[in-house]
*Asks:* 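So that we are looking at the same thing, I have put the structure below in structure tokens.
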Amino acid sequence: MNVVHPVRHLLRAKDLADARYRERLDVATLAEAAHLSPAHFSREFRRAFGESPHQYLLTRRMERAAALLRNTDRSVADICLLVGLRSIGSFTTTFGRTYGMSPSAYRATHEPALVRARVPTCVLQAYARPQPSTFGEDSRGRPG
């Protein structure tokens, strides 16, 4: 029988929080993903990752909000809702605690999104792809 290490179950819950941070996720939902009771899950999560499940989810939301503030022109209220929070006041307070400034002040420290032209990842990957070799020794062993 395959025995799964307990941390693997915690990683399932962590992956769920990473993938579905926009949704209303509570400890009970995350604990269910880890196949643990909510109280045991919270203790084990904190022991394994150094923060509570709620704090981990809030941190993911703030990181995503910061990226949206840097890379889009969406309003602060829109970003608040996009990252899964319901209160703009709580969002602003939490963002301020995390980044040391309000969302608007954070945005002001970066160039406006319109100024920076973003290159799609597929274009960057195509440009970075190695070109076929043109060295003479590559053609030596070939007939013709």
Side-chain angles (χ1 to χ4, degrees), residues 1-139 142:
M1 179 166 125
N2 250 349
V3 177
V4 178
H5 194 276
V7 174
R8 297 294 302 159
H9 290 293
L10 294 174
L11 286 172
R12 286 184 191 147
K14 191 176 178 190
D15 290 345
L16 177 68
D18 288 338
R20 295 176 39 197
Y21 66 89
R22 293 178 188 96
E23 300 174 23
R24 285 191 162 214
L25 293 174
D26 56 10
V27 171
T29 303
L30 295 171
E32 187 178 318
H35 306 294
L36 297 171
S37 72
H40 186 62
F41 168 73
S42 290
R43 283 190 305 274
E44 292 302 314
F45 192 96
R46 182 183 293 274
R47 187 182 347 234
F49 303 116
E51 60 186 340
S52 70
H54 174 74
Q55 186 59 46
Y56 180 81
L57 182 59
L58 200 54
T59 300
R60 294 293 77 70
R61 288 175 171 164
M62 291 302 107
E63 289 171 349
R64 182 64 183 141
L68 289 168
L69 287 164
R70 286 189 311 269
N71 299 315
T72 72
D73 292 328
R74 292 180 175 269
S75 71
V76 171
D78 194 21
I79 289 172
C80 169
L81 297 174
L82 281 171
V83 299
L85 298 173
R86 306 287 180 253
S87 165
I88 296 170
S90 294
F91 168 67
T92 302
T93 301
T94 303
F95 193 92
R97 277 193 213 124
T98 305
Y99 290 95
M101 62 186 79
S102 71
S104 299
Y106 180 85
R107 174 176 271 159
T109 64
H110 296 85
E111 286 185 324
L114 289 174
V115 173
R116 293 176 281 121
R118 300 210 56 207
V119 178
T121 303
C122 60
V123 173
L124 290 173
Q125 289 175 338
Y127 182 76
R129 189 171 294 131
Q131 298 300 312
S133 178
T134 56
F135 292 113
E137 66 263 9
D138 288 349
S139 61
R142 289 188 222 149

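Hydrogens, waters and symmetry mates play no part in the numbers below; they use all other heavy atoms, side chains included. Keep in mind it's a predicted model, so treat the numbers as computed, not measured.
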*Asks:* Let me confirm one number: the CZ-CG distance from R8 to L11, rounded to the nearest 0.5 Å.
*Replies:*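 Those atoms lie 5.5 Å apart.
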*Asks:* Report yes if some heavy atom in the side chain of R86 is under 4.5 Å from a heavy atom in the side chain of F91; otherwise report no.
*Replies:*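 They are not in contact (no side-chain heavy atoms under 4.5 Å apart), so the answer is no.
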*Asks:* Is there side-chain contact between Y56 and D18, with at least one heavy-atom pair below 4.5 Å?
*Replies:*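 Sidechains of D18 and Y56: in contact.
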*Asks:* To the nearest 0.5 Å, what is the distance between CE (M62) and CZ (F95)?
*Replies:*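 So the CE of M62 and the CZ of F95 are separated by 7.5 Å.
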*Asks:* Looking at A39, is its backbone amide N or carbonyl O close enough to the side chain of S42 to form a donor-acceptor pair, meaning the two atoms are under 3.5 Å apart?
*Replies:*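 No, S42 side chain to A39 backbone: no donor-acceptor pair under 3.5 Å.
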*Asks:* Check A34 against F41 and note the closest heavy-atom contact, atom names and distance.
*Replies:*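 Shortest heavy-atom contact: CB-CD1, 3.8 Å.
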*Asks:* Fit a plane to each ring of H9 and H35, take the angle between them on a 0 to 90° scale, and name the class: parallel (under 30°), tilted (30 to 60°) or perpendicular (over 60°).
*Replies:*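 Plane angle over 60°, so perpendicular.
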*Asks:* With ring-ring contact (aromatic ring centres under 6.0 Å, His included) as the rule and sequence neighbours excluded, what pairs involving residues 57-85 come up?
*Replies:*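 Counting only pairs at least two positions apart or across chains, no ring-ring contact (aromatic ring centres under 6.0 Å, His included) contact touches residues 57-85.
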*Asks:* Do the side chain of R20 and the main chain of L25 share a donor and acceptor less than 3.5 angstrom apart?
*Replies:*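 Such a contact is absent between R20 side chain and L25 backbone.
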*Asks:* Show the numbers, then the answer: is there a side-chain contact (heavy atoms from CB on, under 4.5 Å) between L16 and E23?
*Replies:* CA-CA 10 Å; L16 177 68; E23 300 174 23; over 6 Å; no
*Asks:* Test the K14-F49 pair against the cation-pi criterion, namely NZ or CZ under 6.0 angstrom from the six-membered ring centroid and within 45° of the ring axis.
*Replies:*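 The answer is yes, since K14 meets both limits relative to F49.
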*Asks:* Quick one: side-chain hydrogen bond (donor to acceptor under 3.5 Å, both in side chains) pairs with a partner in residues 90-104, sequence neighbours left out?
*Replies:*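 The answer is S87-S90.
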*Asks:* With no hydrogens and no angle check, is any side-chain donor or acceptor of R107 less than 3.5 Å from a backbone partner on L69?
*Replies:*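 Indeed, once roles are kept as given, a pair shorter than 3.5 Å links the two residues.
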*Asks:* Considering non-hydrogen atoms only, spot the tightest contact between P38 and A31 and give its length.
*Replies:*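 Smallest interatomic distance, heavy atoms only, reads CA-CB, 3.7 Å.
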*Asks:* Within the structure provided, determine whether L57 and H54 are in side-chain contact (heavy-atom separation under 4.5 Å).
*Replies:*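 No, too far: nothing below the 4.5 Å cut-off.
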*Asks:* As an exercise, state the distance from CZ of R61 to SG of C80, rounded to the nearest 0.5 Å.
*Replies:*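 Result: 10.0 Å between the selected atoms.
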*Asks:* So how far is it from E111 CD to N71 CG, rounded to the nearest 0.5 Å?
*Replies:*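 So the CD of E111 and the CG of N71 are separated by 11.0 Å.
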*Asks:* CG of L82 to CZ of R64: how many Å apart, nearest 0.5 Å?
*Replies:*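 One finds 8.0 Å between CG of L82 and CZ of R64.
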*Asks:* Given 3.5 Å as the limit, does a donor-acceptor pair link the side chain of D78 with the main chain of R74, or not?
*Replies:*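 No, because the side chain of D78 does not come within donor-acceptor range (under 3.5 Å) of the backbone of R74.
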*Asks:* I'd like to check F45 versus L30 (side-chain heavy atoms, cut-off strictly below 4.5 Å). Are they in contact?
*Replies:*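 Side-chain contact under 4.5 Å: no.
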*Asks:* So, for A33 and A13, which heavy atoms are closest and what is the spacing to 0.1 Å?
*Replies:*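 Taking every non-hydrogen atom into account, CB-CA, 4.2 Å.
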*Asks:* Begin with the C-alpha distance, continue with both residues' side-chain angles, and end with the deciding distance and a verdict on side-chain contact (heavy atoms from CB on, under 4.5 Å) for L58 and E51.
*Replies:* CA-CA 11 Å; L58 200 54; E51 60 186 340; over 6 Å; no
*Asks:* Under a 4.5 Å cut-off applied to non-hydrogen side-chain atoms, are E44 and H40 in contact?
*Replies:*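 The answer is yes; the side chains approach within 4.5 Å.
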*Asks:* Between the side chain of R60 and the main-chain N/O of Q55, is any donor-acceptor distance below 3.5 Å?
*Replies:*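 No.
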